[in-house]
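Atoms considered below: every heavy atom in the structure, side chains included; atoms not considered: hydrogens, waters and symmetry mates. We count residues from 1, following the sequence as given.
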Amino acid sequence: MNLVTTVLAITALLSIVLALVSFWLPQMTPDHEKLSPYECGFDPVGSARLPFSLRFFLVAILFLLFDLEIALLLPLPWGDQLTTPLMTFLGATAVLMLLTLGMIYEWLQGGLEWAE
């Protein structure tokens, strides 16, 4: 029981010290870039109707689509502990095949070409 108390005390003390340091450490004089509402690199003074590349938008959507694959496949290593692990692996294979076919289709249609 003494070890548990010691670990809890060290954890609480370390948390308090880190919280206090995080309040004291930042600069108290923020610069112009941090005070601006837009931190994306665009000039916020100009027009909001700037031309936007549709190609960039499509590539970003494709990235999000294929990035979801990771979220769907994260529980896969624990799938072998289920009563029917074969169904889990068949589902994961189906997801991977669907995404692979989608990527091949986008590649053939030229959706992955950045420059014309």
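Looking only at side-chain heavy atoms (C-beta outward), T84 and T88 stay at 4.5 Å or farther from each other.
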I'd like a table of donor-acceptor pairs (distance under 3.5 Å, sequence neighbours excluded) in which one partner is a side-chain atom from residues 90-97, with atom names and distances.
residue, atom, partner, partner atom, Å
T93, OG1, F89, O, 2.7

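Atom CD1 of I16 is separated from atom OG1 of T11 by 11.0 Å, given to the nearest 0.5 angstrom. Of the inter-residue distances, the one linking L18 atom CG with L14 atom CG reads 4.5 Å to the nearest 0.5 angstrom.
One hydrophobic cluster, built from ILVMFWY side chains closer than 4.5 Å, cannot hold both L73 and M87; they sit in different ones.
Other cluster members for L3: V7, joined by side-chain heavy-atom distances under 4.5 Å among Ile, Leu, Val, Met, Phe, Trp and Tyr.
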